[in-house]
Visitor: 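Sending over a structure as structure tokens; questions will come in a sec.
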Amino acid sequence: MNKNERFVVTINREVGSGGRTVGRKLAGMLCVKYWDKAVIDGLTHKFGLTPERIEEIKAKKKSWWNDINTYYHTLVNSADLPMEAEVKLDNATMFETEKRILQNLAANESCVVAGRTGFMVFREWPNHLNVFIQASMEHRVRRIMRRQNVSEQEARDIIAKMDATREAYIKKYEDTSRYDTRNYQLVITMDDLSEEDAAEIILDYINLTSKTK
């Protein structure tokens with residue numbers, strides 16, 4: 001990946017691995033925007049977005065990116081995400097909506113995307129890096145117990161449910177597995193690393209590969 005041109009870094013992660021925090025820290029180091037489920041859902045509700053609506057906004061309103069950009073800062077700096085339009089979408093429409101949103105955002109400026117099937121959405125993107133963040137079950141259980149204040153069994157139940165849901169979602173739209181390392185250029189195991197360490201590793205990888213471009 002060439003960091004001197006517009007780029008996208010996608011962070012796919014196992015629940016409890018700390019991948020979302022890694023993504024936020026990396027975005028800060030790179031001085032680019034960070035997108036995840038909360039922000040994308042906020043945009044969907046705020047603007048009443050569907051794939052068709054996205055194209056309408058772009059066609060009719062030249063300032064659409066300024067509106068999105070302004071609202072982004074409202075979302076990331078707000079404890080309570082404001083939802084001004086209720087949008088109920090089926091899974092297929094939601095997948096296409098998220099794909100359109102992310103690709104339009106990435107077309108305007110470099111960014112880090114956590115989750116949201118980013119490794120699939122940007123698979124053919126000209127300048128991207130796909131990263132997978134994983135951890136041992138023990139690490140994931142401890143982290144969820146600590147962060148969500150739940151018992152060990154409750155943590156294991158959360159992990160089992162989320163792992164199954166995310167894998168099923170991927171397989172519904174693509175003939176691949178989120179655990180297939182061929183989908184990524186970089187795989188990081190978090191057991192002996194802090195989120196800061198992991199972000200630094202990704203940044204070092206980016207700097208290294210940028211030198212070869």
Side-chain angles (χ1 to χ4, degrees), residues 8-30 32-44 75-81 91 94-95 98-99 102 111-123 128-174 176-206:
V8 180
V9 179
T10 73
I11 307 288
N12 198 17
R13 80 272 184 211
E14 292 184 308
V15 62
S17 67
R20 180 175 295 178
T21 303
V22 172
R24 285 189 180 279
K25 289 183 177 295
L26 178 65
M29 293 175 181
L30 291 168
V32 300
K33 285 195 174 65
Y34 167 84
W35 303 97
D36 66 7
K37 182 182 187 324
V39 181
I40 296 301
D41 285 352
L43 290 173
T44 301
L75 284 170
V76 297
N77 292 307
S78 174
D80 299 313
L81 298 178
N91 286 339
M94 179 59 75
F95 176 79
E98 291 176 350
K99 179 178 178 180
L102 289 172
C111 59
V112 174
V113 176
R116 319 319 302 152
T117 65
F119 77 92
M120 294 192 302
V121 170
F122 296 105
R123 184 166 49 196
H128 75 278
L129 172 66
N130 290 339
V131 181
F132 185 61
I133 304 293
Q134 63 183 10
S136 67
M137 181 60 69
E138 290 73 19
H139 178 96
R140 299 167 70 193
V141 168
R142 287 195 303 270
R143 193 172 190 276
I144 289 178
M145 287 175 65
R146 182 177 69 254
R147 293 177 67 87
Q148 299 192 26
N149 192 29
V150 296
S151 68
E152 178 179 347
Q153 186 56 55
E154 288 173 321
R156 290 183 181 276
D157 290 343
I158 290 170
I159 290 171
K161 180 178 180 180
M162 291 300 296
D163 283 353
T165 299
R166 289 177 177 176
E167 181 70 354
Y169 188 74
I170 295 295
K171 289 190 172 183
K172 181 175 181 179
Y173 298 104
E174 295 285 342
T176 188
S177 166
R178 60 197 296 266
Y179 300 106
D180 187 340
T181 57
R182 290 171 295 184
N183 290 315
Y184 314 99
Q185 288 78 46
L186 187 61
V187 178
I188 299 175
T189 301
M190 294 296 297
D191 290 48
D192 298 315
L193 301 173
S194 68
E195 288 88 352
E196 187 87 15
D197 292 334
E200 290 281 1
I201 290 171
I202 300 170
L203 184 60
D204 287 345
Y205 181 90
I206 291 170

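Since the model is a prediction, treat every value here as computed from it, not as a measurement.
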Visitor: Among Arg20, Arg24, Arg143, which residue satisfies the salt bridge (charged side-chain N to carboxylate O under 4.0 Å, His left out) criterion with Glu195?
Guide: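 That would be Arg143.
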Visitor: How many angstroms lie between CG in Leu203 and CE in Met29, if you round to the nearest 0.5 Å?
Guide: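 One gets 6.5 Å once the value is rounded to the nearest 0.5 Å.
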Visitor: Let me confirm one number: the OG-CG distance from Ser136 to Asp191, rounded to the nearest 0.5 Å.
Guide: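 CG of Asp191 is found 3.5 Å from OG of Ser136.
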Visitor: Would you please classify the geometry between the Tyr179 ring and the Phe132 ring as parallel, tilted or perpendicular, with 30° and 60° separating the classes?
Guide: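 Ring orientation, 0 to 90° scale: perpendicular.
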Visitor: Would you say the side chain of Ile188 lies within less than 4.5 Å of the side chain of Gln134, judging by non-hydrogen atoms?
Guide: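 Result no, sub-4.5 Å side-chain heavy-atom pair not found.
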Visitor: Which pair of heavy atoms, one from Gly16 and one from His139, lies closest together, and at what distance?
Guide: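 Closest pair (atom of Gly16, atom of His139, distance): O-CD2, 3.8 Å.
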Visitor: Are any of the side-chain heavy atoms of Arg156 and Met137 separated by less than 4.5 Å?
Guide: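 Yes; the side chains approach each other to less than 4.5 Å.
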Visitor: Answer yes or no: is there a side-chain heavy-atom contact under 4.5 Å between His128 and Thr10?
Guide: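 No. Closest side-chain heavy atoms not under 4.5 Å.
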Visitor: Is there a side-chain contact between Ile133 and Val187 (heavy atoms, below 4.5 Å)?
Guide: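 The answer is no, as the side chains (C-beta and beyond) never meet within the 4.5 Å cut-off.
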Visitor: Taking the side chain as C-beta and beyond, is there a heavy-atom pair between Met145 and Ser151 under 4.5 Å?
Guide: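 No, their side chains stay 4.5 Å or more apart.
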Visitor: Determine yes or no for a side-chain-to-main-chain donor-acceptor pair under 3.5 angstrom, with Tyr184 supplying the side chain and Arg178 the backbone.
Guide: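 Yes, the answer is positive, given that a donor and an acceptor are paired below the 3.5 Å cut-off.
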Visitor: Distance check, rounded to the nearest 0.5 Å: Glu14 atom CD versus Met162 atom CE?
Guide: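 Those atoms lie 12.0 Å apart.
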Visitor: Let's go through Met120 and Asn183 carefully: what are the C-alpha distance in whole Å and the side-chain angles of both, what is the deciding distance for side-chain contact (heavy atoms from CB on, under 4.5 Å) to 0.1 Å, and is it a yes or a no?
Guide: CA-CA 8 Å; Met120 294 192 302; Asn183 290 315; over 6 Å; no
Visitor: A side-chain contact here means heavy atoms from C-beta on lying under 4.5 Å apart; do Ile202 and Ile11 qualify?
Guide: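 Of all side-chain heavy-atom pairs linking Ile11 with Ile202, at least one is under 4.5 Å.
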Visitor: Are the side chains of Arg13 and Arg166 in touch, meaning some heavy atoms are under 4.5 Å apart?
Guide: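 Contact flag for Arg13/Arg166 side chains = yes.
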Visitor: Got a second to check how far Ile206's CD1 is from Gln185's CD, nearest 0.5 Å?
Guide: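 These two atoms lie 10.5 Å from each other.
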Visitor: So do Trp35 and Val112 actually touch side chain to side chain, heavy atoms under 4.5 Å?
Guide: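 Val112 does not reach Trp35 side chain to side chain.
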Visitor: One pair to check against side-chain contact (heavy atoms from CB on, under 4.5 Å): Val9 and Val131. What are the steps and the verdict?
Guide: CA-CA 7 Å; Val9 179; Val131 181; 4.2 Å; yes
Visitor: Passes side-chain contact (heavy atoms from CB on, under 4.5 Å), Val141 versus Ile159? Steps please.
Guide: CA-CA 8 Å; Val141 168; Ile159 290 171; 3.8 Å; yes
Visitor: With sequence neighbours excluded, tell me which residues meet side-chain contact (heavy atoms from CB on, under 4.5 Å) with Thr165.
Guide: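 Result, side-chain contact (heavy atoms from CB on, under 4.5 Å) vs Thr165: Lys161.
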Visitor: If the threshold is 4.0 Å, N to carboxylate O, is there a salt bridge linking Glu138 and Arg142?
Guide: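 Here Glu138 does not pair with Arg142 in a salt bridge, since their nearest N and O are not under 4.0 Å apart.
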Visitor: Let me confirm one number: the CG-CG distance from Leu186 to Asp204, rounded to the nearest 0.5 Å.
Guide: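 If I round to the nearest 0.5 Å, the distance is 10.5 Å.
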Visitor: CG of Asp163 to CD1 of Ile158: how many Å apart, nearest 0.5 Å?
Guide: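 Asp163 atom CG to Ile158 atom CD1 measures 11.5 Å (nearest 0.5 Å).
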Visitor: Quick one, Phe119 with Thr176, criterion side-chain contact (heavy atoms from CB on, under 4.5 Å). Give me CA distance, side-chain angles, the key distance, then yes/no.
Guide: CA-CA 11 Å; Phe119 77 92; Thr176 188; 4.3 Å; yes
Visitor: Might you work through the side chain to side chain donor-acceptor pair (under 3.5 Å) test for Ser194 and Asp197, ending with a clear yes or no?
Guide: CA-CA 5 Å; Ser194 68; Asp197 292 334; 3.1 Å; yes
Visitor: For the residue pair Ser177 and Lys171, what are the closest heavy atoms and their distance?
Guide: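 Where Ser177 meets Lys171 most closely, the heavy atoms are CB-CE, 4.3 Å.
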Visitor: Nearest heavy-atom pair of Met190 and Ala135: which atoms, and what distance?
Guide: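 Scanning both residues completely, I find the closest heavy atoms to be CB-CB, 4.2 Å.
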